[in-house]
2 protein chains.
Amino acid sequence: MRIGELSRRTDVSVASIKYYLREGLLPPGELSSPNQAQYDDAHVRRLRLIRALVDVGGLTIAGARDVLAAVDDEQVSLYAALGRAQDAVMTRTEPVDDDATARAEKAVAEMVERRGWTTSETNPGWRTAVDVLAALDRHGGERVAGLLDVYAGAMETVAEHEVAAVVDTEQRERSIERVVTGIVLGGALIAALRGMAEQSAAAARYGGGAAPGGGAV
Amino acid sequence: MRIGELSRRTDVSVASIKYYLREGLLPPGELSSPNQAQYDDAHVRRLRLIRALVDVGGLTIAGARDVLAAVDDEQVSLYAALGRAQDAVMTRTEPVDDDATARAEKAVAEMVERRGWTTSETNPGWRTAVDVLAALDRHGGERVAGLLDVYAGAMETVAEHEVAAVVDTEQRERSIERVVTGIVLGGALIAALRGMAEQSAAAARYGGGAAPGGGAV
DNA sequence: ATGTATGGAGAGTAGGACTATCCGAGTTGG
DNA sequence: CCAACTCGGATAGTCCTACTCTCCATACAT
């Protein structure tokens, strides 16, 4: 198929498709003549994956490109692809160096130790966790920070199920795609469910008035 | 204090402070003369809160303004503030109408029913959950979608602890600030810990090679 | 044959988050 | 008391991201 049909089938404008091609998110079609290319179902799939990562998962175009490059690269292990996807999802902050950070670092290190996690400070989550804890500390959110173990326990369960569900010795490319969509979209799903659970928990405690949400006001 | 000292104390440039004032994130200082204003500790606190929401929590300036408006508005209940914070964190997608969406809607509704959650479709999380599930469905992520109950169970536990920790009949403003920081920063913390837990779980299953993360490449 | 679609490249646009520049009015150190 | 600095407020400019538009020389469709 040519670009027009690809556009129709995926509901992505021709201009956007060209943009993704230029940015290297979508591999070029096969040229049948110097200025005529053919696209196939793989392009349709890829385009849908891009939309899912960007629209639903909230990745930037650059983040999506990195993740997709890992999917395409035969050299990249499933384990490394997982890290790549995490990198793309996590917002990086430049490190500060104060008391709050020192305390936060200690809290994270102790938690990891306590739970026996096999992870290291090079994991992007580690730094982010420290940053968040430090911010909570600075702002008097110690009550929330005190839930570190509750959060960690919940994520431990989630991660075990996810890894078990996603990893499966099939064709490598499909498996990596699953890992990547799992990391990115799973994160969005977790955030969504947390919102619902929170409303529910608050309602239980207050006999809940009108439901929150529904846009601006 | 005047703007220069406010800037020094918070490490936020004078230009940015002026910008936040213009955008209504930071209340104006008290004018001692037509062109001289005084700021106080409340401004310092507020500025730190803004930075935490934006830098760590990943809110946009507009999102932070909405959330802070809820904190400031005496009329807004704690329960409503919670919804406001969720709105700010959640990425809104315009709805599609296909089979995948229909299936996703059913799955979410059944899950809510099964768990007896007090929440409704007006909760921004509900729509997001449907969108994510639909995207997973479209992309062959049914394995991840099958974890819906695992995710929901984990978030149920988390939400109960959070609501209990955060709500506390003290001064309303502080309490609402805690709810808001809890929602926003708690979400970032959860994402970070999930990343770490996932690395750990993957390592357990593979004898883990080099740790992922550490930036580009 | 003639009108529409295509590939590729470059320029243009809209929104977001600052950052820089001005200016007339305080404030401060010598 | 005066020069140098700082301030508040407003406007304009910058950089980035994610597109979107415009061209043009083919290619395809009828």
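Note that the structure is a prediction, hence the values are computed from the model and not measured. We name chains A, B, ... by the order of the sequence lines, and we start the count at 1 in each one.
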### Task
Look at the side-chain N and O atoms of A/S16 and state whether any lies under 4.0 Å from the OP1 or OP2 oxygen of D/dT20.
yes
#### Entry: Of A/L47, A/V44, A/L21, A/I17, the residue whose pairing with A/Y39 passes side chain to side chain contact (heavy atoms under 4.5 Å, CB included)
A/L21
Looking at every non-hydrogen atom in both residues, tell me the closest pair between [X] and [Y] and how far apart they are.
X      : Y      : value
A/H43  : A/P27  : NE2-O, 3.0 Å
A/A188 : B/T128 : O-CG2, 4.3 Å
A/T10  : A/R48  : CA-NH1, 4.4 Å
A/V67  : A/R84  : CG2-O, 4.1 Å
A/A52  : A/L185 : O-CD2, 3.6 Å
A/A154 : B/V158 : CB-CG2, 3.6 Å

### Task
Output all residues satisfying side-chain hydrogen bond (donor to acceptor under 3.5 Å, both in side chains) with B/H139, sequence neighbours left out; order by chain, then residue number.
A/E177
### Task
Not counting sequence neighbours, which residues clear side-chain hydrogen bond (donor to acceptor under 3.5 Å, both in side chains) with A/D41? List them please.
A/R9
### Message
To the nearest 10°, give me the bend of the helix from C/dA1-D/dT30 to C/dG30-D/dC1, comparing the axes of its five terminal pairs at either end.
### Response
0°
### Query
What is the per-nucleotide protein-contact pattern of nucleotides 10-17 of chain D, from the 5' end, where B denotes a base atom under 4.0 Å from a protein heavy atom, S denotes such proximity for sugar-phosphate atoms only, and - denotes neither?
-B------
### Contact interval (first through last nucleotide) of DNA chain C with protein chain B, 4.0 Å heavy-atom
C/dA17 to C/dT27
### Query
Nearest-Å distance, CG (A/L59) to C1' (D/dA18)?
14 Å
### Query
Atom CD1 of B/I17 and atom P of D/dC7: how far apart are they, to the nearest Å?
10 Å
### Query
Got a donor-acceptor contact below 3.5 angstrom from the B/R92 side chain to the B/P124 backbone?
no
### Message
Strictly distance-based, threshold 3.5 Å: is any side-chain N or O of A/T101 a donor or acceptor partner for the main-chain N or O of A/D97?
### Response
no
### Query
Are a donor atom and an acceptor atom from the side chains of A/T119 and B/Q199 found within less than 3.5 Å of each other?
yes
### Message
We want to know whether A/Q36 and A/R2 form a side-chain donor-acceptor pair, criterion being a heavy-atom distance below 3.5 angstrom.
### Response
yes
#### Entry: Strand contacts (DNA chain D) in residues 25-42 of chain A, 4.0 angstrom heavy-atom criterion
A/S33, A/N35, A/Q36
